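Keep in mind that this is a model prediction, so the values were computed, not measured.
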Amino acid sequence: MSIIYRRMVRADVEQVHQIELDTFPEPWSLQSFIDEMERNACARYIVAEEDGQILGYAGAWLIMDEGHITNVAVMKSRRGEGIGKGLMQALMQYAANMGVQYMTLEVRKSNLTAQKLYHGLGFIDLGVRKRYYEDNGEDALLLVCQDMPPVEEDFFEAEE
């Protein structure tokens, strides 16, 4: 089967949360993801799915013409297959379709793999957020991308 990229729905939250737990030293709670889906009108999440299994996800807060990427993760056993890139491309396309002109994100200074991905998608370094990460006080690089994909003319955001 092939991987499909689609908007995340409430039924995906448990699988997404498991990937979050397996990826981050200070993971979001299950309730945080539920709140993103049910209460945050600015939140949009994309999942990568294959045969009913969620392989990864990417989320952003879309506020007027800005999109701020909140989190991106791929299950450990499927990393290195281009799923993260596919998620980012799908999220950026979705955001562009919603009127976003540029996107921002923070990434750990030590996460060279993620930096390479983001730079390859057109993100550039904007600055440093000192001691941004609470788990170890590591600095974050602040990246921005103004090279958004063209809007898809037939885009329609369905109600959840």
Exercise. Mind checking whether Arg79 and Thr23 have side chains closer than 4.5 Å, heavy atoms only?
Worked result: yes
Exercise. Got Asp65 and Val100 here, is their nearest side-chain heavy-atom distance under 4.5 Å?
Worked result: no
Problem set entry | Side chains of Met75 and Arg78 in contact at under 4.5 Å (non-hydrogen atoms) | yes
Seminar exercise, completed: What one should report as the nearest heavy-atom pair of Gln93 and Pro150 is NE2-O, 2.9 Å
For this session: Compare every heavy atom of Val72 with every heavy atom of Phe24, then report the nearest pair and how far apart it is.
Result: CZ-O, 3.5 Å
For this session: Check whether any side-chain heavy atom of Thr104 lies under 4.5 Å from a side-chain heavy atom of Ile69, and answer yes or no.
Result: no
Problem set entry | Arg10 with Glu38: basic N within carboxylate O range, under 4.0 Å | yes
For this session: Using a strict cut-off of less than 4.0 Å between a Lys/Arg side-chain nitrogen and an Asp/Glu carboxylate oxygen, indicate whether Asp12 and Arg6 qualify as a salt bridge.
Result: yes
Exercise. Does the gap between the ring centers of Tyr57 and Phe33 come in under 6.0 Å?
Worked result: yes
Problem set entry | Donor-acceptor pair between Arg44 and Thr70 side chains, under 3.5 angstrom | no
Exercise. Is Asp22 salt-bridged to Lys76, going by a charged N under 4.0 Å from an acidic O?
Worked result: no
Exercise. Are Val47 and Ile3 grouped together when hydrophobic residues (ILVMFWY) are joined by side-chain heavy atoms under 4.5 angstrom apart?
Worked result: yes
Exercise. Quick one: SG on Cys42 to CD1 on Ile63, what's the gap to the nearest 0.5 Å?
Worked result: 4.5 Å
For this session: State plainly whether one hydrophobic cluster holds both Ile4 and Met92, where clusters connect Ile, Leu, Val, Met, Phe, Trp and Tyr through side-chain heavy atoms under 4.5 angstrom apart.
Result: no
Exercise. Counting distance only, does the side-chain N/O of Glu106 pair as donor-acceptor with the main-chain N or O of Ala140 below 3.5 Å?
Worked result: no
Problem set entry | side chain to side chain contact (heavy atoms under 4.5 Å, CB included) between Arg131 and Glu138, intermediate numbers included | CA-CA 5 Å; Arg131 301 186 58 74; Glu138 184 175 355; over 6 Å; no
Problem set entry | Distance in Å, Glu14 CD paired with Leu30 CG, rounded so as to fall on 0.5 Å steps | 5.5 Å
Exercise. Under 4.5 Å between side-chain heavy atoms, hopping through other hydrophobics if needed: is there a path connecting Leu117 to Leu105?
Worked result: yes
Seminar exercise, completed: In short, Val74 meets Gly84 closest at the heavy-atom pair CG2-N, 3.7 Å
For this session: Work out which heavy atom in Met103 is nearest to a heavy atom in Ala60; give both atom names and the distance.
Result: CE-CB, 4.0 Å
Seminar exercise, completed: OH (Tyr5) and CD (Glu49) are apart, to the nearest 0.5 Å, by 12.0 Å
Problem set entry | Ile124 and Val144: CA distance, side-chain angles, deciding distance, side chain to side chain contact (heavy atoms under 4.5 Å, CB included) verdict | CA-CA 6 Å; Ile124 58 170; Val144 64; 3.8 Å; yes
For this session: Evaluate the ring planes of Trp61 and His68, with Trp represented by its six-membered ring, and classify them as parallel (under 30°), tilted (30 to 60°) or perpendicular (over 60°).
Result: tilted
Seminar exercise, completed: Tightest non-hydrogen contact, residues Ala48 and Ile83, listed as CB-CG2, 3.7 Å
Exercise. Which residue pairs pass the ring-ring contact (aromatic ring centres under 6.0 Å, His included) test with at least one member in residues 125-153, sequence neighbours excluded?
Worked result: none
For this session: Look at atom CD of Glu134 and say whether more than 12 heavy atoms of other residues, nucleotides or ligands are closer to it than 6.0 Å.
Result: no
Exercise. Quick one: does Tyr94's side chain get under 4.5 Å of Gln89's, heavy atoms only?
Worked result: no
Exercise. Side-chain heavy atoms under 4.5 angstrom apart, residues restricted to Ile, Leu, Val, Met, Phe, Trp, Tyr: same cluster for Leu121 and Ile46?
Worked result: yes
Exercise. To the nearest 0.5 Å, what is the distance between OG (Ser32) and CG (Asn40)?
Worked result: 11.0 Å
Exercise. So how far is it from Leu143 CG to Tyr118 OH, rounded to the nearest 0.5 Å?
Worked result: 8.5 Å
For this session: Determine, stepwise, if the pair Asp135 / Arg108 fulfils salt bridge (Lys or Arg N to Asp or Glu O under 4.0 Å).
Result: CA-CA 12 Å; Asp135 65 314; Arg108 287 180 186 267; 2.8 Å; yes
Problem set entry | Where Ile19 and Gly56 come nearest, the two heavy atoms and their spacing | CD1-N, 3.8 Å
For this session: For the pair Glu20 (side chain) and Trp28 (backbone), establish whether a donor and an acceptor sit closer than 3.5 Å, ignoring hydrogens and angles.
Result: yes
For this session: Would you check if Gln101 and Glu66 make a side-chain contact, meaning some heavy-atom pair closer than 4.5 Å?
Result: no
Problem set entry | Shared hydrophobic cluster for Ile34 and Leu21 (ILVMFWY, side-chain gaps under 4.5 Å) | no
For this session: Look up atom CD in Gln115 and atom OG in Ser110, then write down how far apart they are to the nearest 0.5 Å.
Result: 8.0 Å
